[in-house]
> 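Mind having a look at this structure? Questions to follow.
Only a predicted model underlies this, so the values are computations on that prediction, with no experimental measurement involved. Chain letters run A, B, ... following the sequence lines, proteins first, then strands; residues in each count from 1.
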Amino acid sequence: MMLGEITLGHYLALSTLLFLVGLAGVLLRRSLLIVMMSLELLLNAANLALVAAARFKGIPDPQVAVFFVITVAAAEVAVGLAILVAIFRLKKTTSAEDFASLKF
Amino acid sequence: MCLPAMLVIPLLAVGLIALGSRPKVTALWASVVNCIPGCLASGGVLRSGEILFGPEPIPAREVFPAKFILGMDGLSLSMVWLTLLVTVAAIGSAQAGIKREKEYFICLLLIGLGALGAFLSVDLFYFFTFHEVALVPTFLLVGIWGQGDRAGAAWRMTVYLMLGSMVLLMGLIGLYLSLPETARSLDWRVLGETVRANPLSPGTQRILAALLLIGFGTLVSLVPFHSWAPGGYASAPAPAAMLHAGVLKKFGLYGLMRVALPMTPDGWKEIGWIVGLLLAGNILYLGLAALQQRDFRWLLGFSSAMHMGTVFLGLISGTVLGLAGALTLMVGHGLSAALGFAVAGEISRRTGTSWMQDLGGLAQRAPKLWFYLMVAAMASMGLPGLANFAGEIMIFFGAWAAHPGLVGIAAWGVVLSAVAMLRAVRAIAFGAMSPAVSAEGVADLQGIRETWPLAALSLALLLVGIVPLVVYGPAQPVLERLLTP
Amino acid sequence: MSAWFCPEILLTLAGVGLILVDTLAPEQVRRRTPLLALLAAMGILGWSLWPESRTLPTSWLSLFISDGLAAVFKPFFLFCLVAVVGMATRYRLEADEAVRGEFLALPFFPTAGLCLLVSARDFLAVFVALELVSISLYLLTAFHRTKPASLEAGIKLLVMGGLSTGFLVMGIAWLYAGAGTTEFSKLLLTQAGTGANPAVLMAAGLILAGIGFKVAAVPFHAWAPDVYEGSPTPVTAFLAVASKAAGLILLLRVFGIGAFALESMGEFFRPILLTLGIATVTLGTLAALPQRDFKRLLAYSGIAHAGFMILALGTGGEGGVGTVVAYLWAYLLASLPVLLFVNEMERLHGSTDLRHLDGIGRREPGPSLGFTLCLLSMAGLPPLVGFPVKLAVLANLWNAGERPALVVAVIMAVAGLGIYLTPIRAMYWEREADAIPARRFPPFLFWVMVMAGLLNVWLGFQPQELVRLAEKSLSPLPVLEAIRE
Amino acid sequence: MIAYAPYLILLLPLLAAVAIRLFLYPFPRIAVPVSVGACLGSFLGSLMLLNAGTPAGGMAAPAVPWIELAGLKAGFSLVADPLARLMTTTVTGVALLVHIYSLGYLAKDPCRSRFFAELSLFVFSMLGIVFADNLITMFIFWELVGLSSYLLIGFWHQRPAAGAAANKAFLVNRIGDFGFILGILGAWSLFGTISFADLPSRAASGAPFWAATAVGLGLLCGCLGKSAQLPLHVWLPDSMEGPTPVSSLLHAATMVVAGVYMLIRVLPILELSWVTMNTIAWIGAVMTLLPALIACQQNDIKRILAYSTLSEIAYMVMAVGLNIPGPGMYHLVTHAFFKCLLFLAAGSAIHGCHEEQDIWKMGGLRKRMPFTFLVTWVGTLALAAIPPFSGFWSKDAIFAATYDRPGLAACSMAAGFFTSFFMLRMILVAFGGKPRSEGATHAHEGPPAMVVPMLCLAVLSVLGGILPISDFLGMKPDHPHHAWTLWLSLLLAVAGFFPAYHLYQGAMQDPLRVPILQAKFYVDEFYQRGLVAMQDGLGRLADAFEGWVVRGFLVRGSGVAARVAGQGLRLVQCGQVQLYAAVFILGALGVVGWLLGRVSS
Amino acid sequence: MEQFFFWSLAVGLLAAATSVVTLRNPVTNAVCLVVTLVFQAALFITLEATFLAAVQVIVYAGAVMVLFLFVIMLLDVKAEARRPIPWPKVAAVLVGAAAVVAGVPKLVAAFPAAREPLRWSAQSSTFGAKELGALLFTSYAPLFLATGVLLLVATIGVVVLCRRDPGS
């Protein structure tokens with residue numbers, strides 16, 4: 001495999017691993033900023049898979065999808081950061097553990 | 001038109017009360033006036049066998065299979081009259097000026113409405129729906145105006161009844177779906193014909209019969225699905241207990257007669273032995289438990305649940321006689337339970353207690369009340385001349401050939417019920433006057449105003465007891481058809 | 001040309017217009033923004049009900065479809081919008097009053113997204129529409145930024161939403177890699193006749209997680225209670241009704257009538273949907289029982305309702321799909337008024353704790369009656385509209401022979417009664433609340449609640465209308481039909 | 001016209017009862033005469049009917065249908081055959097006298113409207129039993145008689161003992177009726193009829209032996225309850241808590257013999273099984289002796305008479321068991337006269353002594369109440385079967401039939417001995433000697449309303465022996481008359497007086513103490529500690545099970561379980577968004593893993 | 001050639017991504033994220049998506065990251081304080097991840113098309129800005145519009161949320 005030819009499978013595997021790293025970040029980091037970065041990693045993993053699919057399937061549509069994903073990701077980040085800023089102003093913290101007043 | 005009128009009148013009364021008319025008067029008048037369409041409809045039934053209101057049933061599958069068809073035949077006739085009468089009596093004996101009077105009478109009217117609707121519905125969907133209409137008013141009645149552990153009783157009663165209803169619903173759904181797709185219908189007349197033409201497979205019948213038994217059985221407080229009943233009735237305010245024990249409980253029996261028996265005859269026969277076992281439990285277990293009650297309302301609750309066993313015996317007898325007896329006993333039990341709870345209500349309203357050991361000597365203080373107490377007790381223990389006896393005798397004769405052992409148990413149940421009732425009467429009526437009874441302000445029933453609901457129920461008991469033909473006569477052709485395979 | 005006046009475009013324009021008015025117009029006009037917003041929402045609703053207005057621009061038709069389902073549900077969302085905007089005009093933003101214009105305008109955009117979503121026939125379109133909704137909702141949830149709970153809800157929704165977006169996009173990517181297309185009908189075609197494609201299955205699983213988030217199906221539900229509780233109540237309404245409905249319709253399109261709806265795929269998806277459904281119903285019902293905050297209670301109750309719908313979907317076939325459609329409408333009719341009531345309650349008391357309901361039944365009989373009826377409808381009690389749809393779910397389960405799911409559904413339907421009777425009990429049984437607010441409910445609430453209650457009753461009694469709606473939503477299913485043949 | 005007479009006779013008392021209950025309740029001055037008048041009317045009607053002289057088959061009055069459905073034809077059709085006519089006349093006659101007696105006895109009771117209403121109700125019910133032409137009708141009135149008995153025993157509400165006795169009477173009767181109804185059902189399924197008229201022909205066509213036995217024993221149960229025979233006799237002595245006229249009418253003369261009447265009605269069924277017949281005969285024989293023994297040690301004057309009643313009824317039962325209904329009925333009629341007389345006399349004594357019932361607290365009444373003393377002697381001699389008093393003739397016919405059944409003969413004749421013994425004991429203690437209490441010192445005769453009925457009954461008790469009752473019934477026994485039974489029984493009866501005289505002449509307290517007899521053979525205790533306790537124990541068990549297991553554990557438990565499950569599920573919802581994410585991810589991985597696992601397998 | 005680029009870029013990408021998740025200083029995280037994105041852009045180039053690679057660098061690495069850094073600076077976020085590593089949590093994640101990772105090759109191998117080898121210039125189907133643009137403005141035009149609305153909403157929302165001094 002190491003020396004074999006690069007296939008779609010390789011890219012998908014790489015994308016999956018990247019996705020897993022993102023998930024780990026979402027689960028483990030306390031800082032909501034980093035959690036949001038990890039969310040970006042998730043989207044990027046998907047983007048990688050999309051582009052690979054476009055290349056190997058020979059269709060342009062996944063690449064269009066990547067456009068939308070990037071746009072959405074940007075909007076999401078903007079909104080997320082805005083909320084974070086608002087939260088920080090109110091509570092002076094961005095640690096996920098400090099947001100557990102709503103429960104049970 | 002008289003059939004929908006019977007549903008519209010209580011509804012109008014509810015509206016009027018909500019808008020501020022005097023609750024008791026309005027409710028009472030509505031329930032009395034409601035007897036007029038009842039009379040008209042009965043006249044129609046007696047002339048032509050059955051009367052209907054609503055669209056004709058179409059056997060083919062439509063968008064939604066349920067049709068709002070009201071109908072009345074000889075079988076529903078007596079149930080409808082039972083409802084009308086007990087509603088009048090319950091509202092009549094309800095206390096005007098109780099807290100939240102408006103809601104109180106609205107709830108009572110709604111229970112009566114639900115029962116009437118259920119007995120008048122030809123379509124199983126509406127049949128079920130109307131019964132459930134009474135559920136929430138019951139919850140509120142027990143919860144707001146009840147005594148003792150009212151919260152627990154209300155919850156228990158409601159959840160239990162709901163659970164039973166859901167099992168019942170499963171049975172009805174299953175019944176509907178196990179018919180061939182072209183022949184599906186919810187109209188029990190059509191259903192009956194369909195099933196008669198091509199009976200369901202034995203396996204299906206068994207399952208359906210079991211589901212219907214559990215479902216209806218819970219509503220009827222068949223052992224072991226009974227435990228909502230005694231406590232619920234003990235906690236309920238008297239008119240609610242009258243309506244529920246007297247009328248609404250009959251829904252389950254009526255349903256068994258109407259649906260389970262004709263639709264799943266073989267399944268019903270197959271599980272007959274289970275029913276036998278359970279009804280024996282009703283009679284013996286609940287009868288024994290009734291002996292130990294110290295609170296008169298609890299005793300009435302147990303005894304009311306206990307008598308259901310005898311009705312079930314009529315249902316599994318497989319003879320017209322047994323079924324007619326079951327029907328008569330349903331009416332009798334409805335009237336006597338209503339009377340019993342009414343008397344219990346009057347007693348505890350006057351003396352502030354229904355603990356039998358705290359009463360005593362009531363017969364001297366309140367001879368009229370004692371008289372009605374005696375009527376209720378005697379009816380409940382099956383004294384000839386009152387309706388229950390006629391029903392029991394017919395059941396015994398009808399079921400003797402098939403289930404002599406169960407008839408023996410049921411006959412012993414009469415003894416048990418006598419023991420329980422006589423003990424109660426002795427404790428309440430005889431002996432020296434207890435402080436609660438001799439207390440200031442305890443009075444006998446005052447004039448016609450307080451007496452008439454009890455008198456009406458007693459007279460009805462007497463009428464059915466002496467001329468049971470009024471109950472089983474119109475129903476006879478229907479019952480015969482139910483049993484024809 | 002008139003096609004360009006489709007609701008999506010009108011909504012966007014209205015939203016933008018409102019913001020412009022709010023920003024630029026003189027003070028006299030700005031004071032009228034709430035009225036303007038309400039009128040705009042109502043206008044669009046009216047327009048969408050106009051028979052001609054629901055076609056889409058032709059150039060959109062490669063991504064969107066204008067079928068019965070879309071036609072039935074665009075008014076649904078607009079209806080929600082009207083309610084949400086109405087509630088938003090009444091919601092207290094406290095220190096943030098200055099941005100009420102934005103608060104009123106923002107819901108228009110996710111509504112447009114939802115309208116797009118229900119007519120999407122391509123996963124890419126689904127993604128974009130869904131994100132339009134999600135991102136607007138992140139903002140709306142956190143909108144009440146002086147309230148820590150609101151911000152916390154916003155950030156929680158954002159994190160979980162981002163996660164689910166990741167799964168959805170990943171699913172889309174794998175779909176491209178596996179099948180080369182994301183269009184529903186093409187997906188159907190590519191799968192038809194061939195064996196199961198693992199890549200497609202995997203993609204479907206990931207997408208399911210993404211949609212499951214929207215629906216708040218267990219185990220993708222955990223955000224819902226916190227977010228519902230923390231959000232401004234109008235936004236809770238949007239989440240609970242519109243957003244959830246959109247998720248279900250998506251689920252329905254994807255697993256019920258498009259994309260993965262082939263019979264051969266049923267063996268993969270039906271067990272999953274049923275399992276999810278069972279888990280969802282159970283958790284939603286049981287966890288709702290001990291809740292003390294009304295919005296949180298509604299969140300769990302919403303989870304339970306979603307579970308019922310997923311169960312219906314899990315039975316497969318048109319019956320299941322039609323059931324979900326009818327159920328959603330019933331859910332809308334029952335839960336929107338409830339939320340409206342809660343919104344008013346919050347306005348008076350400043351919180352949505354259940355204790356504010358104590359004794360409200362006496363103080364505000366009219367609204368309380370409507371509220372009670374809606375709650376009972378949610379409980380699925382006849383004769384309210386919640387009953388026939390729950391009945392349909394159970395009937396589907398029976399018909400499909402899914403016994404375990406059926407049993408769970410029945411038990412949870414009964415246990416669910418406890419959820420809704422608790423507030424009713426508080427309203428009617430309990431003593432007056434400690435702090436009675438000086439002000440009373442506004443008169444409009446009386447009419448809205450009473451009308452809503454009566455509507456629930458009427459449709460429960462005559463559910464044909466709902467069934468017609470369901471039939472209509474299923475009318476053209478060209479691709480699926482073609483493939484089945 | 002005469003065919004409707006039974007209805008007239010039957011309904012007059014009912015009308016009186018209803019009228020009093022509904023309208024005349026507050027006006028005892030009108031209510032009481034109405035009741036007496038109704039009874040008089042019934043009596044006159046009975047006399048007319050008795051003289052109507054119709055054929056032996058009797059005449060059935062037109063039927064009123066009750067339940068006619070699917071093979072069961074139960075209606076109120078009345079029969080007026082000689083048996084019924086004789087019984088009617090007896091019942092109404094005695095009842096009329098007791099009514100009149102009550103006028104005096106209860107002259108001051110404020111509740112006498114109720115008393116007379118209940119008394120009328122009783123007469124109605126009793127006549128219903130008499131006229132019933134089928135088993136169901138009989139059962140209906142059977143129960144109504146039970147009800148009226150209950151009401152009358154419990155007439156004095158304020159006395160706790162009255163309530164207890166009333167309950168006991170009703171319940172024990174109910175237990176008997178339990179067997180009775182099963183017997184009726186059995187008879188119905190065995191012979192296809194419930195009509196007495198059809199029974200002989202149907203029974204003649206035969207039936208399986210054990211089935212017939214079972215049916216017979218079932219019907220016997222009814223008799224045991226109502227006629228207070230072993231083992232259901234315990235209620236009768238207690239029922240003496242009721243007013244004395246009630247004891248005399250219901251619990252001596254009429255109601256308690258209804259069981260015998262019923263047995264005679266269903267004799268065709270009983271005859272089918274020798275087991276049944278022997279059982280009846282032996283129960284009768286044993287019950288002649290046991291109560292007579294018990295009575296020897298009782299101190300309550302009414303109880304002594306009650307035990308004697310038990311013993312006398314047992315003679316009638318034994319007669320039925322020996323298949324000689326004629327003498328049985330004969331004894332029934334004469335017994336009605338003299339036992340009613342004795343009770344009225346006892347009532348008179350009690351009344352005279354200001355409600356004192358203990359014979360040891362009376363004494364010396366012979367002087368103060370000579371008339372009562374006289375009629376008591378008349379009754380006693382009739383009871384002890386001393387010729388020429390009526391009891392001699394009727395008992396003799398029964399003794400005669402035991403000539404080839406030594407066991408039965410021994411029991412019944414020994415009973416005769418003890419009867420004489422305890423009756424003389426009663427007379428000596430109550431009427432002889434000196435007054436032993438304040439009440440007895442001031443004793444006096446009752447008003448004329450009380451005296452006249454006693455006089456009538458005394459005459460009847462003396463002359464009753466000349467009534468040709470067996471002939472009237474057409475039930476003359478066909479076995480030969482053996483003189484030795486006559487002489488032996490007479491000898492024993494007379495012999496009974498001697499020890500009594502020896503022991504009790506002038507006695508101030510009872511010289512005999514036989515604990516087992518004082519305790520009535522411990523039957524009550526056995527029932528109370530055994531059967532009632534067992535039933536109550538089972539009841540307590542059921543109640544506890546209901547309360548703890550069903551309501552407490554199962555019902556409340558499931559509610560609690562739901563709550564606990566809800567609380568448990570809430571704990572997952574800890575507010576930490578990353579935990580939510582973990583749940584989400586695990587769920588998604590689960591779904592995907594399941595799908596892939598499914599496709600690869 | 002393909003192998004070399006792929007493997008080296010893959011390793012770099014994963015390493016950078018792992019650093020995003022593991023390092024403590026937020027600024028470092030952000031920089032690592034930029035590196036990740038650049039690596040990914042390079043991978044896009046190996047997949048002949050040159051235009052997207054450019055967009056990736058400009059939009060993501062340029063705009064989004066600037067936003068992140070801006071917020072980090074604005075909020076003055078400190079490095080996450082050291083704390084005992086939540087071993088159970090980490091272990092659980094590791095075990096889960098290991099299980100999934102072990103499953104990845106098998107999973108990928110299950111794809112019908114997964115074994116297609118990649119050869120540069122072997123296929124002529126490259127999609128440049130022109131093709132994508134055409135698609136975006138024809139078939140996907142409605143989505144394009146919707147994205148526009150989305151951005152509008154986001155803008156409004158951000159403005160509302162981040163206004164200074166609420167209420168005054």
> Is NZ or CZ of D/R21 both nearer than 6.0 Å to the six-membered ring centre of B/F371 and within 45° of the ring axis?
yes
> Who in residues 472-483 of chain B is close to chain D, using a strict under-4.5 Å heavy-atom cut-off?
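Only B/Y472, B/Q476 of residues 472-483 of chain B have a heavy atom under 4.5 Å from chain D.
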> When rounded to the nearest 0.5 angstrom, what is the spacing between CG in D/L185 and CD1 in B/I393?
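Taking CG in D/L185 and CD1 in B/I393, the distance rounds to 7.0 Å.
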> Which one, D/D177, D/V64, D/I67, leads in non-hydrogen pairs under 4.5 Å with chain B?
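Most heavy-atom pairs within the cutoff with chain B belong to D/I67.
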> Could you walk me through whether D/E546 and B/H226 pass the side-chain contact (heavy atoms from CB on, under 4.5 Å) check?
CA-CA 10 Å; D/E546 181 73 17; B/H226 64 280; 2.8 Å; yes
> CG of D/L541 to OH of B/Y285: how many Å apart, nearest 0.5 Å?
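Result: 9.0 Å between the selected atoms.
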> Report which part of D/V532 has an atom under 4.5 Å of a heavy atom belonging to chain B: side chain, backbone, both, or neither.
side chain
> Rounded to the nearest 0.5 Å, how far apart are CG of D/L72 and CZ of B/F396?
13.0 Å
> Enumerate by number any residue of residues 137-147 of chain D whose heavy atoms lie under 4.5 Å from heavy atoms of chain B; in the absence of such residues, state 'none'.
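Within residues 137-147 of chain D, the residues under 4.5 Å from chain B are D/F139, D/I140, D/E143, D/L144, D/L147.
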> Measure the spacing between CZ of D/R540 and CD of B/Q292 and express it to the nearest 0.5 Å.
4.5 Å
> Is D/W66 in contact with chain B via its backbone, its side chain, both, or neither, using a 4.5 Å heavy-atom distance?
both
> Checking D/A164 against chain B: side chain, backbone, both or neither under 4.5 Å from a heavy atom?
both
> Working to the nearest 0.5 angstrom, can you tell me the gap between D/Y150 OH and B/L383 CG?
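So the OH of D/Y150 and the CG of B/L383 are separated by 11.5 Å.
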> If I take atom CZ from residue B/R426 and atom NZ from residue D/K168, how far apart are they, to the nearest 0.5 angstrom?
10.5 Å
> Assess whether salt bridge (charged side-chain N to carboxylate O under 4.0 Å, His left out) is satisfied between B/R423 and D/D536, documenting all intermediate values.
CA-CA 12 Å; B/R423 279 187 185 178; D/D536 277 352; 2.9 Å; yes
> Heavy-atom cut-off 4.5 Å, strictly under: side chain, backbone, both or neither for D/I181 against chain B?
side chain
> Using modelled atom types and a 3.5 Å cut-off, is there a donor and acceptor pairing between side-chain atoms of B/W400 and backbone atoms of D/L182?
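Such a contact is absent between B/W400 side chain and D/L182 backbone.
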> Does the D/R174 side chain pair with the main chain of B/M381, one donor and one acceptor, at a distance under 3.5 Å?
yes
> Chain B: which of D/L151, D/N167, D/L538 shares the most heavy-atom pairs with it under 4.5 Å?
D/N167
